[in-house]
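First up is the structure itself, then whatever we jot down about it.
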Amino acid sequence: MTNSNSRSGAGLALLLLCAANFLDAMDVSTIGVALPAIQTELGIQATSLQWAVSAYVLGYGGFLLLGGRVADLFGHRRVFLWSLGIFAAASIAGGFVDSAPTLICARLIKGIAAAFTAPAALALLLSVFGEGKARAKALGVFSSTGAAGFVLGMVLGGAATIISWRATLVMGAPVAILALLIAPIVLPSDHERTGPRPHFDWAGALTITPGLLLFVFGITNAAAAGWQAFPTWGALIAALVLIVLFLLVESRHKDPMVPLAIFRRAKLSHANAIAALFQGAYVGFQFIATLYYQNVVGWSAFATGFSFAFGGVCVMFLAPRFAAIGQSRGTTGLMTLGVGLQAISYIFWVLSVGNINPILLVAISQILLGVGYAMTYPSVQVAALSDVEDDKSGLASGLLFASFQIGGGIVLAAASAIFGAAPSVGWNPYIAGTAFVAILAAAITLLAAVGPRTSTARSDAYQAAE
C-alpha cells in the first residue's frame, strides 16, 4: 500500500471513530430539551421524566470499566462493531417507544452500548496512529468531536424536536449504520494472541459493574429525590460495599479486570481527577444556565440549546490544536490554563447575570468557556494515555470516560441540592448554584497546577507489579 493510500485509510478510520465518539457524547444531552414534549405525549410523571436522561448516563457510567477491559481481552474492533450495532438498534427502537418504561429501557441499552463503544474506539485510534505528531493530531480531533458532541447535543436535540421528539432518539441510527458498513474495511483487524488468553475476571466484573451502576444511580437519584431518600443512600452504601469487595478481589486475582498498579501512574490518576471535576463543574453550570435561560429569560428550548453552540464551535476548531500542543509541550500547564478560563467564565456569569443583556452574557461566557473546555478536554486525554500500552488502552480509556460520567453526576447532584435549598435561606438559586460551580472550578485550577510536569515512561514499580 502506498503512503497516500495509507494516509487516506487512516483518515477514513479517524472519521469513522470520531463519528462514533460524537454519537456517544451527543446522546448524553440531546434528549434534554425534548422532555416537555415527551411528557405531554407519553404522560410521564415529572418524578420519572429525568430518567429519560439519566438512564443513558446510568448505563454509560456503570459499564465503562467492563467495556474497556472486554475490548482489551476480546478485540477492540470486534467489541466496537458489536456495540455499535446494538447502539443503532436501540436508536431505531427508540422511535417506537410508547411508555415511560420502554423509553427508559431504550435509553439504558444505548448507554450500555456506548460504554463498550467509547473505550474500544479510543483504543483503535491509538493502534491506527503511531507515536508522535500523527497520534497527537488524531487524538486532538477525536477529543474535539467528543467534547463537541456533548456541548452541541442540546443544539441538535432542539433542532430535532422541531420535527418530533422521537427524532432525538433515532437521529444517530443512520450514522451508526453507515459506520458499521465502513468499519470492517478501514479498521485494523484485532491482533491474534500468541500466548494463552488471560482468564476473564468474573469476580471483578460482578462487583465493580453493579457497584458503579448503584453509585451512578445513587448520585443521579440524589439530584431528583434528595440525599435523604432511601434509594439514594441505600444505593450509595451498597455501591461502597461492592467497590471495596472489588478492590479486595483485584488485589488477589491473577488476571485482574483492573490491575490496581495502574493507579500508581501519576499522570493517569491526575488526569482522571481533573476530568471528573472539570466535567462535573461544566454539567452543573449547564443545568443551572439552561433553567435560567428558559425560566427567567423566557427563551424557547431551541434558543436555549443554541446558546451553547458557540462554545461547541470553539471546541471543534481549537481542541485539535491544543492536543498537539499538549503532546509536544506537556499537558499540565495547558490543563491549568483551560480550567482557569472556565473558572473565570463562571465567575463572570455570577457577577453579570441580571445586570447585562442575556445575549451579551451568553457570548462572553461562552467564549471563555469554549476556549477553556477546548484546552482541558484533550489535555486530560493526552495525559491519561501518554504512557499506556496498547493492551491496556481500552482499560485506561474506560477509566477516563468513567471519570467524566461519574464526576458529572456527583457535581450535578451537589449543584442541584444547592440550587434547590438556596431560596429557603434567601439566596438567588441561579447565583448560588453557579457560585458553587465557580468556587469548585477555582479549586480545580489549583489541583491542575500541581500535576506531573513531565511525560514519563511507566515507573519501575509499575513494571515490577506487571
Side-chain angles (χ1 to χ4, degrees), residues 28-29 31-36 39 46-47 49-50 53-54 150-155 157-158 219-220 222-227 277-312 339-370 372-373 407-445:
V28 175
S29 57
I31 199 175
V33 294
L35 293 180
Q39 184 177 26
T47 54
L49 190 62
Q50 58 102 14
V53 178
S54 302
F150 176 77
V151 176
L152 292 177
M154 292 182 65
V155 182
I219 59 178
T220 302
W227 295 97
L277 293 171
F278 105 86
Q279 180 71 359
Y282 178 80
V283 171
F285 169 75
Q286 186 185 60
F287 167 76
I288 295 169
T290 299
L291 292 176
Y292 178 80
Y293 296 144
Q294 292 191 68
N295 297 340
V296 178
V297 181
W299 288 349
S300 67
F302 176 73
T304 299
F306 190 76
S307 68
F308 293 92
F310 190 79
V339 179
L341 285 175
Q342 292 169 77
I344 293 171
S345 175
Y346 302 142
I347 293 170
F348 170 79
W349 201 93
V350 170
L351 297 177
S352 303
V353 67
N355 298 320
I356 65 174
N357 184 284
I359 295 177
L360 185 61
L361 174 68
V362 168
I364 297 176
S365 64
Q366 282 293 301
I367 290 174
L368 294 168
L369 191 58
Y373 201 98
I410 293 173
V411 179
L412 175 59
S416 299
I418 293 173
F419 179 85
S424 64
V425 293
W427 294 346
N428 182 310
Y430 302 100
I431 292 178
T434 309
F436 163 74
V437 171
I439 294 170
L440 177 62
I444 301 168
T445 305

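Sequential numbering from 1 along the given sequence is applied to the chain's residues.
- With Q279 contributing its side chain and G408 its backbone, the two residues share no donor-acceptor pair below 3.5 Å.
- The local environment of CZ in F287 is crowded, with over 12 non-hydrogen atoms from other residues, nucleotides or ligands closer than 6.0 Å.
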For this session: Test L369 against F308 for side chain to side chain contact (heavy atoms under 4.5 Å, CB included), laying out the working first.
Result: CA-CA 10 Å; L369 191 58; F308 293 92; 5.7 Å; no

Please report, to 0.1 Å, the donor-acceptor pairs under 3.5 Å made by any side chain of residues 340-358, with sequence neighbours excluded.
from : atom 1 : to   : atom 2 : distance (Å)
Q342 : NE2    : G338 : O      : 3.2
Q342 : NE2    : G372 : O      : 3.4
Q342 : NE2    : T376 : OG1    : 2.9
S345 : OG     : S365 : O      : 2.8
W349 : NE1    : Y293 : OH     : 3.1
S352 : OG     : F348 : O      : 2.9
N355 : ND2    : L351 : O      : 3.1
N357 : OD1    : I359 : N      : 2.8

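- In plain terms, the two heavy atoms of A281 and V411 that are nearest each other are N-CG1, 3.8 Å.
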N/O donor-acceptor pairs under 3.5 Å from side chains in residues 423-443, not counting sequence neighbours:
from : atom 1 : to   : atom 2 : distance (Å)
S424 : OG     : A421 : O      : 2.5
N428 : OD1    : Y430 : N      : 2.9
N428 : OD1    : I431 : N      : 3.3
T434 : OG1    : Y430 : O      : 2.9

